[in-house]
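Here the structure is laid out as structure tokens; the discussion comes afterwards.
Predicted model, so just to flag it, every value in this text is computed and none were measured. Each residue takes its place number in the sequence, starting with 1.
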Amino acid sequence: MEALPAEASCPICLEFFRDPVSIHCGHHFCRTCIERCWEWPTARFACPRCRDTAPQRSLRPSPELARVLEIARRLSRGEALGVGEDEEDEEDEEGCPKHREPLEVFCRQDRALLCAICRESRAHRAHTVIPLPEAAREYKEQIQAGLQTLKDDRDKLLEFREAEMRRNWEYLERTGAERQRILSHFQGLRLALEELARHLLARLGHLERDIAKAQDENVTGLTQEISRLDERVRELEEKCGEPARTFLQDIGGTLSSLEKEKLQLPPPPLPELEKKIHRFREENLLLEETLRSFQASRIPIPIYP
């Protein structure tokens, strides 16, 4: 069994698969191990190996993998039995290495196998000896007790590891929920700011069109007045160039019309446009002050090690 690859072991208990099943991502686990990991209710079920999640539990039996492992176990047990029988035959044949006698008893003090001659020797005469089956049974009980302690410790560690994994999954779920809340809040804030920006820019566009319209009207009026004055200047210049007799004819009418000429200045900016520009500026200043206050009051983010 030691020659089998690591893929034949469950990633949770680290032992060879018992009742192997596969989950949504394709990884294999012991059925009891994965069911124990998923025994707590959760929104999504994560693979303990690759962390891929699925909305529902999905356990698919793997009979092919189970048969391969069973064949490997049988082969391993057969080889172990063969090796054990050979060793027992060698021990029976060899016996005591010193006296070539069968090993019949076990010395408690020296924890050694003894033949009949060794038992009566000065080195072991005062020691307590017991038959081999009794010694084997006694020490097997001690080994079994220690083995059970190791198994209990392993089970405790498995439970502790599962608890740690569940707690870490809960932490990850909580941090994931907080991440979604942050993204949602800032997404809403971003959309609100974008909508406010579109509204302000639309109002500014309307105001700019009103200003352009008023400007066009004023420029048109000024252009017409300049053209009229140009024509009037041309007429008077031609008048001044006439001979004296022609020039003085109807001079009174010419002077009277000249006295009536007055400069017509363009009208001042429309009061309504002035009010709109002033109101828009005040609202924009208020928005700038609010954004500066928000940036100045940002919560400091602690840096964790």
Side-chain angles (χ1 to χ4, degrees), residues 1-21 27-37 39 48-49 62 65-168:
M1 296 290 284
E2 290 79 1
L4 290 176
E7 287 76 7
S9 301
C10 174
I12 297 177
C13 65
L14 304 180
E15 295 183 355
F16 294 113
F17 289 111
R18 296 186 296 273
D19 190 10
V21 295
H27 288 128
H28 290 79
F29 302 92
C30 298
R31 180 182 293 274
T32 55
C33 292
I34 191 63
E35 287 181 346
R36 195 177 303 168
C37 288
E39 64 182 352
R49 189 168 183 177
S62 301
L65 179 59
R67 283 196 295 270
V68 170
L69 292 174
E70 180 61 27
I71 293 173
R73 291 191 186 96
R74 291 178 180 177
L75 292 175
S76 178
R77 286 197 295 268
E79 292 172 0
L81 289 174
V83 172
E85 291 173 356
D86 293 342
E87 291 178 351
E88 290 178 1
D89 292 342
E90 290 177 1
E91 290 177 356
D92 292 342
E93 292 175 0
E94 290 181 2
C96 177
K98 184 177 181 179
H99 304 105
R100 301 296 180 182
E101 294 291 331
L103 298 172
E104 299 177 347
V105 293
F106 183 81
C107 175
R108 285 185 181 276
Q109 284 76 5
D110 293 335
R111 294 182 177 178
L113 295 169
L114 305 178
C115 66
I117 299 175
C118 292
R119 176 180 181 179
E120 300 301 328
S121 66
R122 182 180 302 176
H124 299 284
R125 188 179 303 166
H127 292 175
T128 302
V129 295
I130 55 177
L132 295 183
E134 181 180 348
R137 183 172 58 255
E138 179 180 330
Y139 283 102
K140 282 183 179 180
E141 291 176 355
Q142 295 181 19
I143 296 297
Q144 289 293 338
L147 180 61
Q148 186 60 42
T149 300
L150 292 178
K151 290 182 178 181
D152 293 341
D153 293 341
R154 182 193 61 184
D155 292 340
K156 290 179 181 178
L157 289 176
L158 286 173
E159 293 178 359
F160 181 78
R161 185 180 65 179
E162 293 171 3
E164 286 290 316
M165 294 174 64
R166 285 195 297 269
R167 182 166 58 249
N168 290 336

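A pairwise comparison of heavy atoms in Leu103 and Cys115 identifies CD2-N, 4.0 Å as the closest pair. Minimum heavy-atom separation, Phe106 to Arg111: CZ-CA, 3.3 Å. Of all heavy-atom pairs between Cys30 and Phe16, the closest is SG-O, 4.3 Å. Nearest heavy atoms, Arg36 versus Arg166: O-NH1, 3.9 Å.
The structure places SG of Cys10 at 12.0 Å from NE2 of His27, a figure rounded to the nearest 0.5 Å. In this structure, Arg100 CZ and Ile117 CD1 are separated by 12.0 Å, a value rounded to the nearest 0.5 Å. A distance of 10.5 Å separates SG in Cys107 from CZ in Arg119, rounded to the nearest 0.5 Å. For the atom pair CG (Leu157) and SG (Cys13), the distance works out to 13.5 Å, reported to the nearest 0.5 Å. Here the CZ-CZ distance, from Phe29 to Arg18, works out to 14.5 Å after rounding to the nearest 0.5 Å. One distance of note links CG of Leu147 with CD of Gln142; it measures 13.5 Å at 0.5 Å rounding.
The neighbour count for Leu150 CG, taken as heavy atoms of other residues, nucleotides or ligands under 6.0 Å away, is above 12.
At a threshold of 4.5 Å between non-hydrogen side-chain atoms, the residues Val105 and Cys118 do not count as touching.
Applying the salt bridge (charged side-chain N to carboxylate O under 4.0 Å, His left out) rule to Arg108 yields the partners Glu138; only residues at least two apart in sequence or on another chain are considered. Residues passing the ring pair (Phe, Tyr, Trp, His ring centres under 6.0 Å) test with His124, sequence neighbours excluded: His127.
Under the side-chain contact (heavy atoms from CB on, under 4.5 Å) rule, Ser62 has a single partner from Arg31, Arg67, His28, which is His28.
With Glu104 contributing its side chain and Leu132 its backbone, the two residues share no donor-acceptor pair below 3.5 Å.
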- Message: With side chain to side chain contact (heavy atoms under 4.5 Å, CB included) as the criterion, how do Ser9 and Leu14 come out once you've worked through the C-alpha distance, each side chain's angles and the decisive distance to 0.1 Å?
- Response: CA-CA 6 Å; Ser9 301; Leu14 304 180; 5.7 Å; no
